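Naming: A, B, ... by sequence-line order, numbering from 1 per chain. On a predicted model such as this, the values are computed, not experimentally measured, just so you know.
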Protein chains: 2
Amino acid sequence: MSACDTCLVRNRAICSSLDNEEIKALNAIGRRRNLTPGESLMWEGEDSVLVANVIEGVLKLSTGTEDGREQIVGVVYPSDFIGRPFGSTSGHGVTALTDARVCVFSRKDFDAFAREHPSLEHKLLQRTLAELDRTRKWMLLLGRKSAGEKVASFLLEMSERLVQPGCIDAPDLPLRRFALPFSRQQVADVLGLTIETVSRQFTRLKADGIIDLPSRREVVILDRAGLAAEAG
Amino acid sequence: MSACDTCLVRNRAICSSLDNEEIKALNAIGRRRNLTPGESLMWEGEDSVLVANVIEGVLKLSTGTEDGREQIVGVVYPSDFIGRPFGSTSGHGVTALTDARVCVFSRKDFDAFAREHPSLEHKLLQRTLAELDRTRKWMLLLGRKSAGEKVASFLLEMSERLVQPGCIDAPDLPLRRFALPFSRQQVADVLGLTIETVSRQFTRLKADGIIDLPSRREVVILDRAGLAAEAG
DNA sequence: CGATGGTTTGAGATATATCAAACCTCGTGG
DNA sequence: CCACGAGGTTTGATATATCTCAAACCATCG
């Protein structure tokens, strides 16, 4: 029995395109790896040696300037794909925000496997297209939205993407209450703001009764319509 | 003889993955279309009914907010692919910046054709991955760079991407002199700035002797190293 | 030549950054 | 069990980059 048989994301990751024989072959070239918060799986500018599937946890993709400014350019969740297949370097670092479990492949092995399995490439294409859509939508936020709009948009996105899948009964309703996998500084790095500005927007939204903040990491959306209005 | 035989981008667009028989089949479901500056090929939020290859010209991809703020989320050049295959809606509008010529397909026809031609999907995947890399790099600019750095980065990118391919002898050196396909307002919409700020940065770079501006649309890079230093 | 649309320049307003201090929260060790 | 310390967070005061509003400018085209 391969590790894939019990995999939590077997039916949602790109692996879902493969039959049992194929899964076995893919499993043979991959291995599991656990990460703790802050631990990196790859670094910006490094040779693209690995690719991976996220099984559990949340990871950030980030780039920075020479002088230390950082921008988080993507956030990945269970079943998402990580890394740069068919390419030589990785344009961003990948770092765990929570405890995480990933299924890692050597890029070369994965490339070869993918080229022999068009259905896998098709899934990967679909995922990449969707990610590109999301990324472009985020550019509107970075380029044109105010701090208040950015924070509100961010909270809405979180409430939608942090849903634990698997609960078939509830068809992925956005969460009313959730724990942010980000520190305030990391939220700032997602939104292109400073930590102080993010903090002030959080307290303002709380003061306006739109959200509640039971603890540092937890958020409760009290007035979703209000939050959506703030998101611009 | 099909239109593809004389196509300027036959060997660089995703079509380059196909043999002559396949090209003929693809040609049968596509058609040429000319666009003039300002003319749109698709609109934000619209059903994804078309996809296309750019043969000639430059087009912008853009989204906006309800209240009229606009953000250009991508710029496409000859041989680039446009549209959202395997998806229901297009997240951004596509509008010609120059006179342009594209090769258009119904999305459904294209989807079906692509699924039967893994080598085409592979090319499309490569292109999409590269575009995602570029887009993420742009997020750093939008989120973390100053106006001066944004404009300098923009000019450098333009000088690299506006090179007319085909000149085999010179292996795509960046241009020293070129005509921007953007108005000042459009530059602002790419960089997440206002038109006035863009204008001031242009004149400052000119005053500093880093660039020259022979006319509204033309740019000469006098000091590439200096410009790179400004780009942060 | 005058009208038009885009661009530049200027003066002032403002959102966000910066700098600095106070404040929690939580784990540690006395 | 409480005091302490450290990291992260919030709050405050001020600075500044960029935006906003407004006018002048300049090419282009009838």
- request: Mind checking salt bridge (charged side-chain N to carboxylate O under 4.0 Å, His left out) for Lys145(B) and listing every partner two or more places apart, or none if nothing turns up?
  value: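 Result, salt bridge (charged side-chain N to carboxylate O under 4.0 Å, His left out) vs Lys145(B): none returned.
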Rounded to whole Å, please give me the gap between [atom1] in [X] and [atom2] in [N].
X	N	atom1	atom2	value
Gln186(A)	dT9(D)	CD	C1'	14 Å
Glu218(A)	dT25(C)	CD	P	13 Å
Gln201(B)	dT7(C)	CD	P	16 Å
Lys150(A)	dA15(C)	NZ	C1'	11 Å
Leu141(A)	dT16(C)	CG	P	12 Å
Glu196(A)	dC23(C)	CD	C1'	15 Å
Ile195(B)	dC21(D)	CD1	C1'	14 Å
Lys206(B)	dT9(C)	NZ	P	9 Å

field: Stepwise side chain to side chain contact (heavy atoms under 4.5 Å, CB included) check, Gln201(A) with Val187(A)
entry: CA-CA 11 Å; Gln201(A) 295 301 329; Val187(A) 176; over 6 Å; no
- line: Residues of residues 142-149 of chain A with a heavy atom under 4.0 Å from any atom of DNA chain C, listed by number, are Ser146(A), Ala147(A)
message: I want to confirm an ordering. Mapping Ser199(B) and Leu193(A) to their closest nucleotides on DNA chain C, which one lands closer to the 5' end?
response: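 Nearest nucleotide further toward 5': that of Ser199(B).
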query: Strictly by modelled atom types, are Glu44(A) and Thr63(A) linked by a side-chain donor-acceptor pair under 3.5 Å?
result: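 No, because no side-chain N or O of Glu44(A) sits under 3.5 Å from a partner of the opposite role on Thr63(A).
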- prompt: Going by atom types only, do Ser48(A) and Ser90(A) share a side-chain donor-acceptor pair under 3.5 Å?
  reply: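 Side chains of Ser48(A) and Ser90(A): no pair found under 3.5 Å.
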- prompt: Given dT9(C), is OP1 or OP2 found less than 4.0 Å from the side-chain N or O atoms of Thr203(B)?
  reply: yes
query: Quick one: are Leu41(A) and Arg33(A) in side-chain contact, heavy atoms under 4.5 Å?
result: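 A side-chain contact under 4.5 Å exists here.
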- prompt: Do the side chain of Lys150(A) and the main chain of Leu191(A) share a donor and acceptor less than 3.5 angstrom apart?
  reply: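 Yes, Lys150(A) side chain to Leu191(A) backbone: donor-acceptor pair under 3.5 Å.
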query: When you measure from the side chain of Arg144(A) to the backbone N and O of Glu70(B), does any donor-acceptor pair fall under 3.5 Å?
result: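 Yes: the side chain of Arg144(A) pairs with the backbone of Glu70(B).
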message: Can you say whether a donor on the side chain of Arg216(B) sits under 3.5 Å from an acceptor on the base of dG6(C), or the other way round?
response: yes
message: Once hydrogens and angles are ignored, does a donor-acceptor distance under 3.5 Å link the base of dG10(C) to the side chain of Arg200(B)?
response: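 Counting by modelled atom types and ignoring angles, a donor-acceptor contact under 3.5 Å is found here.
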message: Using five base pairs at each end to define the local axes, how bent is the helix from dC1(C)-dG30(D) to dG30(C)-dC1(D), to the nearest 10°?
response: 20°
- prompt: Is the closest basic N to carboxylate O distance between Arg136(A) and Glu131(B) below 4.0 Å?
  reply: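 Salt bridge present between Arg136(A) and Glu131(B).
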- request: In plain terms, say whether Asp133(A) and Lys137(A) are close enough for a salt bridge, that is, a side-chain N and a carboxylate O under 4.0 Å apart.
  value: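 Salt bridge flag = no for Lys137(A) with Asp133(A).
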- request: Take Gly192(B) and Thr197(A), find for each the nucleotide of DNA chain D with the closest heavy atom, and name the residue whose nucleotide sits nearer the 5' end.
  value: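 Of the two residues, Thr197(A) wins.
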